[in-house]
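Before any comments, here is the structure.
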Amino acid sequence: MIIEVLAIVFALGLLMFFAYRGYPVIVFAPIFTLLAVVISGNALMPSYTETYMTNAANYVKNFFPIFLLGAIFGKVMEINGAAASIAQSIVRALGSKRAILSVILACAVLTYGGVSLFVVAFAVYPFAVAIFREANVPKRLIPGTIALGAFTFTMDALPGTPQIQNIIPTSYFGTDAYAAPIVGIAGSLMVFFGGLWWLERRRRQAEAAGEGYGTDHKNEPELLENQTYPSLWISVLPLLLVLVFNYLLSRGFLDVTTWYNAELLKSFNISNVKTIASSWALIIALCIGIVSALCINLRYVQSKLAAGLTAAAMGSLLAIFNTASEVGFGNVVKTLPGFKLIQNWIMGLSSQPLISEAVSVNILAGVTGSASGGLSIALEVMGKTYLAAAQAAGISPELLHRIASMASGGMDTLPHNGAVITLLAITGLTHRQSYKDIFAVTVLKTLTVLILAVIFSFI
């Protein structure tokens with residue numbers, strides 16, 4: 001049994017190491033999966049074709065439309081200048097005295113509106129440089145500031161956020177994107193104010209030491225004064241449409257769960273429409289958002305649309321297949337003899353399902369370096385167990401959803417995380433210069449979700 005447990009730990013360790021070194025997960029996840037299978041003495045080829053590939057394919061089926069449409073929406077908002085317009089307007093309105101707050105809010109508005117995290121980083125960075133330079137705030141604080149605004153509370157905590165980390169739990173718990181709104185809002189406020197306090201404290205320390213913006217930085221963007229963008233009110237319209245229609249289709253008078261009768265759904269092998277309704281709602285909302293975004297700066301968008309759609313499609317394919325590979329890994333692992341011992345250990349960390357779930361999702365998100373990947377593995381492997389335990393304890397599935405979603409955005413941003421590496425590349429900074437602040441935000445998010453899990457386990 002020790003060898004069988006070590007086989008899983010060894011395979012997971014190799015996956016983490018190679019992901020950290022920049023090797024593609026889509027290539028190495030199946031290799032390390034099959035290595036664990038061989039060491040455990042299970043059947044090699046059936047594990048690959050019938051377990052790994054079947055579950056990876058099911059994940060693609062369930063979530064590829066959201067990955068693709070989210071990437072297209074973000075790309076169109078980038079091409080038409082709307083994302084830059086929103087960022088510029090917020091930064092200018094708050095001014096250099098509130099440089100850190102303005103960048104956080106610019107990222108938060110775009111992320112909560114459905115723009116992908118990578119597009120947000122690209123769109124906000126030039127304005128962050130301009131306002132930080134004007135305020136003489138060290139450039140090394142920009143990655144932590146963007147991470148707080150884009151990678152935390154608007155990604156998975158605020159109810160209704162259309163980011164994938166908030167949608168994944170819906171298919172496991174039969175919830176929607178607005179699950180446990182009080183918990184989500186409370187967590188968002190804790191992370192927002194805690195992160196803002198940390199970053200402002202770091203700014204004051206730098207100011208006291210006589211450190212300013214700095215010189216000889218890499219990847220400095222060109223000055224933006226002469227560039228024109230759509231008006232703020234036109235720019236935010238696609239974001240508002242996504243949010244409004246997502247709500248109306250999830251909980252409003254357009255609720256998609258009422259569109260088809262039960263007999264018709266059974267013919268499509270849909271026994272519980274709630275497990276897929278959130279995906280339907282977001283797919284339609286994103287389509288409406290994309291159409292509205294295409295109407296902004298139409299002539300300019302037309303010249304770049306083909307290249308933009310290609311880039312969005314390629315990005316979404318890489319993202320979905322990377323995550324699906326990790327899901328396949330998780331589903332094979334749970335069939336191995338040693339997994340039962342690991343599962344018992346994780347469940348034994350706490351008799352409370354919310355606390356156990358928060359810990360397991362955080363650990364797996366940290367190991368894989370992916371919020372969506374760690375969340376998907378945890379829920380694929382133990383989602384039914386947590387749901388049964390929660391129901392036995394009288395805990396709402398909505399609480400399971402919100403705690404799982406928020407936990408995925410905790411330790412995922414360890415140094416090997418793809419979003420962290422991309423953010424540092426965009427800003428021209430290194431882990432040594434800026435990771436301390438990203439890590440502080442990561443720790444804050446992790447502690448927040450654990451505190452909430454403890455509180456709502458005992459009230």
Side-chain angles (χ1 to χ4, degrees), residues 1-64 168 171-172 317-349 356-357 359-386 404 408 411-412 414-418 421:
M1 183 62 73
I2 293 176
I3 293 175
E4 291 163 345
V5 171
L6 288 176
I8 297 173
V9 174
F10 181 56
L12 203 54
L14 285 174
L15 180 61
M16 180 179 178
F17 175 77
F18 274 75
Y20 178 79
R21 300 288 293 180
Y23 288 93
V25 171
I26 192 173
V27 173
F28 284 94
I31 293 174
F32 299 139
T33 302
L34 298 180
L35 176 62
V37 170
V38 170
I39 296 174
S40 299
N42 275 28
L44 182 66
M45 294 311 296
S47 294
Y48 178 64
T49 60
E50 305 308 308
T51 305
Y52 181 92
M53 288 305 303
T54 298
N55 285 283
N58 284 337
Y59 187 87
V60 174
K61 177 191 80 73
N62 290 335
F63 295 110
F64 179 62
I168 289 172
S171 62
Y172 297 95
L317 282 170
L318 180 60
I320 187 72
F321 277 102
N322 274 338
T323 308
S325 297
E326 293 166 342
V327 169
F329 176 91
N331 275 277
V332 172
V333 163
K334 74 179 183 182
T335 68
L336 301 181
F339 176 73
K340 194 67 179 176
L341 190 62
I342 295 175
Q343 184 182 33
N344 290 338
W345 174 76
I346 293 175
M347 296 298 293
L349 291 173
S356 176
E357 180 188 53
V359 173
S360 63
V361 172
N362 248 311
I363 291 173
L364 288 169
V367 167
T368 60
S370 167
S372 57
L375 177 62
S376 298
I377 291 175
L379 296 187
E380 282 284 347
V381 171
M382 292 181 288
K384 291 182 180 178
T385 303
Y386 285 133
S408 75
M411 299 306 291
D412 67 310
L414 288 176
H416 61 293
N417 173 262
I421 293 170

- Item | Spatial distance of atom OG1 (Thr385) from atom CG (Leu379) [nearest 0.5 Å] | 11.0 Å
- Separation between OH (Tyr59) and OG (Ser171), nearest 0.5 Å, reads 8.5 Å
- Note on the structure: Output for pair (Glu380 CD, Tyr172 OH), nearest 0.5 Å, gives 3.5 Å
- Message: Restricting to non-hydrogen atoms, name the atom on Ser376 and the atom on Ile168 that form the minimum distance, rounded to 0.1 Å.
- Response: OG-CD1, 3.5 Å
- Work out which heavy atom in Pro337 is nearest to a heavy atom in Ser40; give both atom names and the distance. CD-CB, 4.0 Å
- Message: Quick check: closest heavy atoms across Val60 and Ala324, and the distance to 0.1 Å?
- Response: CG2-CB, 3.8 Å
- Message: Restricting to non-hydrogen atoms, name the atom on Ala404 and the atom on Val361 that form the minimum distance, rounded to 0.1 Å.
- Response: O-CG1, 3.6 Å
- Message: I need the Lys61 NZ to Ile320 CD1 distance, nearest 0.5 Å.
- Response: 11.5 Å
In residues 41-53, what donor-acceptor pairs under 3.5 Å come from side-chain atoms, sequence neighbours left out?
| from | atom 1 | to | atom 2 | distance (Å) |
| --- | --- | --- | --- | --- |
| Ser47 | OG | Ala43 | O | 2.6 |
| Thr49 | OG1 | Met45 | O | 3.1 |
| Tyr52 | OH | Ser325 | O | 3.4 |

- Query: Just wondering, more than 12 heavy atoms not from Phe321 lying within 6.0 Å of its CZ?
  - Reply: no
- For the residue pair Ala29 and Phe329, what are the closest heavy atoms and their distance? O-CD1, 4.0 Å
- Message: Quick one, Ser372 and Phe63 - any side-chain contact, counting heavy atoms below 4.5 Å?
- Response: no
- Query: So Thr33 and Val333, side-chain contact (heavy atoms from CB on, under 4.5 Å) or not? Walk me through it.
  - Reply: CA-CA 7 Å; Thr33 302; Val333 163; 5.8 Å; no
